[in-house]
Amino acid sequence: MTRKPPEPGHPADFLEARREKLNRLIGLGVDPWGRAFRRTHTLGQVVAECASLEGQRVFVAGRIMAWRSHGKAAFADLEDASGRLQVYLKRDRVGADSFTLLELVDLGDHVGVAGEVFRTRSGEVTVAVDEWSFLGKALRPPPEKYHGLRDVESRYRQRYLDLIANPGTREVLRNRSLIVRTLRDILDERGYLEMETPTMSAVVGGANARPFVTHHNTLGIDLYLRIALELYLKRLVIGGYDKVYEIGRVFRNEGVSFRHNPDFTMLEFYEAYADYEDMMRFTEYLIPEVARRVLGTTRIIFRGNEVRLDPPWQRQTLREAIRQRAGVDFVGLTDIAAARQAARDRGLEIAPDATRGQILDQVLDRFVQPDLIQPTFLMDYPVEMSPLAKRRRDDPSLTYRFEACVGGIEIANAFSELNDPIDQRERFLEQAGRRDRGDQEAHMMDEDFLTAMEYGLPPTGGEGIGVDRLVMLLTDSPSIREVIAFPLLRPRA
RNA sequence: GGGCCAUUAGCUCAACUGGUAGAGCAUCCGACUCUUAAUCGGACGGUUCGGGGUUCGAGUCCCUGAUGGCCCA
């Protein structure tokens, strides 16, 4: 590709203009990349403490976000993680040579400045610069200063530009960090130990999902990326830790949607000698408490609805919730053919060999979850959908399991853990049968886990929370991709 | 996987029923020592997502591919 040679004063394009400035800087013996710069204050601190700082000399640094030139003076807006601050660059103050060098400054450059804090006529806190230096030249221009970066694809592919240009994105990812930290704080306060379990292993389980496969070269074996944290955390409970949790990435080889990303963050916690009732009580404390600590309120807006997170949350059996919203008792319906037909009558596409669990999943997805705006526990899932949950004493076809829905999406899944290794083996066998019949989401037989269970898992309450979805909820984000810094996209062709 | 929509200058967006691709910001040149979406004057900047077709003529219509969004699965 040929390109016009840049004429002096008329560079062929914006990239060459910046390259040329860079070369001029190097030619002048100026280091365009800078070195560590000892700030006395962040930009936000200068603004916040301006009353006491007025008249004092400060050292601050930031990226140049706006530039207003006035002949022998100029104003620039600097930005760092703490905020934005205006600086005033006057020839009489910085000196003629240094002022001339400002011609080589571009939007997006990092600079460090020293100068006196003052207020302009209009009252804006400003630093009257007497010395400045380059801390990092930008060879590409930042996005448009007023509209920012709007193109959704560019925002995800080049998240750094999204972050530079859009304060709202900075706020969301910052809140994500605070939410995760707060989850840890609360779990720590409650005496849970944070653990780390394998992300790769020869057998995966803990959820109905297709795993990613990878390969270990020296061992010469295929390994799976984990789809849940459950089976290893339960081993730790067997080992004697009575309260454990893990926050970590899990990987599911399935489609992408506004609430699905192939890798996402799960929180799972397990408490020995507890049950799903305890998990419900803890959940309806945990979620509003996170909201209160991070956002300062338990009343949030999500997708245009006000959601009140305060306890107690609604409780409804799955059976009743479905009967109420779909008009059919799908849980109680034992005739599978009739169930398939009833689902089809309600506009669902049901495969001829669909199991009851698959039908219930679809009915839940379509009719029940979207309707559950206020926090709700859906309780008592059928045993065939819940191969790791304890059976109800009063009805062994159901389990002590609940899912929590908030804002119309599922954010948590919990149960009284199945601790009978004989029943667990039967459940795995039943799942393995489905696998043999082609259900790639069915559980694998996990002899190692069964062996562990045979050493004795105490009655245990366990729960998984979709951290990304919780962040969506608390930041009113319409898509999971808004709360994941670098969501998966197809590579650019 | 299916349906609908989108893709135009570095960024944000225009361009009626097919008829010379424009604006703002950014960039470059010039003026300006309290501006703040600074202002004023001038200039540069395009594979209209890729490929094919229809037509005297395609950003616009048709086919095909790519990527993304939304809805459905």
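As the structure is a prediction and not an experimental result, all values here were calculated from the model. Side chains are part of it too, since the values below use all heavy atoms of this structure and drop only hydrogens, waters and symmetry mates. Note on naming: letters A, B, ... go to the chains in the order of the sequence lines (proteins, then strands), and numbering restarts at 1 for each one.
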Picking from B:U33, B:U12, B:U27, the nucleotide nearest the side-chain atoms of A:Lys72 would be B:U33
Distances under 3.5 Å between protein N/O atoms and the N/O atoms of nucleotides 71-73 of chain B, please, pair by pair.
from, atom 1, to, atom 2, distance (Å)
B:A73, OP1, A:Arg366, NH1, 2.4

How would you label the contact of A:Ser69 with the nucleic acid (heavy atoms, under 4.0 Å): base, sugar-phosphate, or nothing?
-> base
For B:U35, does either OP1 or OP2 sit under 4.0 Å from a side-chain N or O belonging to A:Arg68?
-> no
Just to confirm, is there a sub-4.0 Å distance from OP1 or OP2 of B:U67 to any side-chain nitrogen or oxygen of A:Arg490?
-> yes
Atom-to-atom span, OH of A:Tyr146 to P of B:C13 - whole angstrom | 13 Å
Between atom CG in A:Leu104 and atom P in B:U27, what is the gap in whole Å?
-> 13 Å
Pick out which of A:Trp313, A:Tyr276, A:Phe415, A:Tyr400 makes a ring-ring contact (aromatic ring centres under 6.0 Å, His included) with A:Phe377.
-> A:Trp313
B:C62 and B:A58: how far apart are their C1' atoms, nearest whole angstrom?
-> 11 Å
Distance in angstrom units between A:Arg93 CZ and B:U35 P, rounded = 17 Å
Which listed nucleotide (B:C13, B:U35, B:C11) is nearest to the side chain of A:Leu149?
-> B:C11
Quote, to the nearest angstrom, the P distance that separates B:A23 from B:C40.
-> 16 Å
Reported CD-to-CG distance for the pair A:Glu320 and A:Leu378, which is rounded to 0.5 angstrom | 11.0 Å
Separation of atom CD1 in A:Ile64 from atom P in B:U27, rounded to whole Å | 11 Å
More than 12 non-hydrogen atoms from neighbouring residues, nucleotides or ligands closer than 6.0 Å to CZ on A:Phe99, yes or no?
-> yes
When you get a sec, tell me which of B:C70, B:C11, B:A38 is the closest nucleotide to the side chain of A:Glu144?
-> B:C11
For A:Leu489, answer base if it contacts any base atom (sugar-phosphate contacts may also be present), sugar-phosphate if it contacts only those atoms, and nothing otherwise; contact means non-hydrogen atoms under 4.0 Å.
-> sugar-phosphate
Do NZ/NE/NH1/NH2 and the carboxylate oxygens of A:Arg57 and A:Glu131 come within less than 4.0 Å?
-> yes
Which is it for A:Ile227 and A:Val250 under the side chain to side chain contact (heavy atoms under 4.5 Å, CB included) test, yes or no, and what are the steps along the way?
-> CA-CA 5 Å; A:Ile227 56 176; A:Val250 299; 5.7 Å; no
Has the side chain of A:Lys137 got a donor or acceptor atom that lies under 3.5 Å from a matching backbone atom of A:Leu104?
-> yes
Considering only atom C1', compute the distance from B:C34 to B:U27 and round it to an integer number of Å.
-> 26 Å
What does A:Asp92 touch in the nucleic acid at a heavy-atom separation under 4.0 angstrom: a base, only the sugar-phosphate, or nothing?
-> base
Take atom OH of A:Tyr88 and atom P of B:A38, then tell me their distance rounded to the nearest Å.
-> 16 Å
Closest non-hydrogen atom pair between A:Glu482 and A:Leu173, with its separation = O-CD2, 4.2 Å
Would you classify A:Phe99 as touching base, sugar-phosphate or nothing, given that sugar-phosphate means primed atoms plus P, OP1 and OP2, and contacts are heavy atoms under 4.0 Å?
-> nothing
How long is the line joining OH of A:Tyr156 and P of B:A6, in whole Å?
-> 19 Å
Which nucleotide in the list B:A37, B:U27, B:U35 gets nearest to the side chain of A:Leu107?
-> B:U27
5'-most by nearest nucleotide on RNA chain B - A:Gly148 or A:Asp106 = A:Gly148
Using a strict 4.0 Å threshold on nitrogen-to-oxygen distance, state whether A:Asp468 and A:Arg176 make a salt bridge.
-> yes
Taking atom types as modelled, is there a side-chain donor on A:Gln324 or A:Arg319 under 3.5 Å from an acceptor on the other?
-> no
Taking the same atom, P, in B:C56 and in B:A73, what whole-Å distance lies between them?
-> 47 Å
Give a yes/no answer on whether the side chain of A:Lys145 brings an N or O atom under 4.0 Å of OP1 or OP2 in B:A26.
-> yes
Distance, rounded to the nearest Å, where A:Leu139 contributes CG and B:U27 contributes P | 15 Å
Which nucleotide in the list B:G10, B:U33, B:G68 gets nearest to the side chain of A:Glu153?
-> B:G68
So what does A:Arg481 touch, heavy atoms closer than 4.0 Å: a base, only the sugar-phosphate, or nothing?
-> sugar-phosphate
Quote, to the nearest angstrom, the C1' distance that separates B:G24 from B:U8.
-> 15 Å
Over 12 foreign heavy atoms within 6.0 Å of CZ, A:Arg210 | no
Using the closest heavy atom to pick a nucleotide of RNA chain B for each, name whichever of A:Ser154 or A:Lys90 lands nearer the 5' end.
-> A:Ser154
Interatomic distance at P, B:U33 relative to B:G10, whole Å = 34 Å
Establish whether the base of B:U35 is bridged to the side chain of A:Gln86 by a donor-acceptor pair shorter than 3.5 Å.
-> yes
What interatomic distance, in whole Å, is found between C1' of B:C13 and the corresponding atom of B:G18?
-> 22 Å
A:Arg19 has an atom CZ; how far is it from atom C1' of B:U27, in whole Å?
-> 16 Å
Looking only at atom P, what distance separates B:U60 and B:G19, rounded to whole Å?
-> 11 Å
For the side chain of A:Thr120, counting heavy atoms from C-beta on, which of B:U35, B:C70, B:U33 is nearest?
-> B:U35
When all nucleic acid strands are considered with a 4.0 Å heavy-atom cut-off, which category describes A:Arg140: base, sugar-phosphate, or nothing?
-> nothing
Involving RNA chain B, stems made of at least three consecutive Watson-Crick or G-U pairs, both distances under 3.5 Å | B:1-7 with B:66-72, B:10-13 with B:22-25, B:27-31 with B:39-43, B:49-53 with B:61-65
Is atom CG of A:Asp97 surrounded by more than 12 heavy atoms (other residues, nucleotides or ligands) closer than 6.0 Å?
-> no
Hey, would you say the A:His70 and A:Phe75 ring centroids sit under 6.0 Å apart?
-> yes
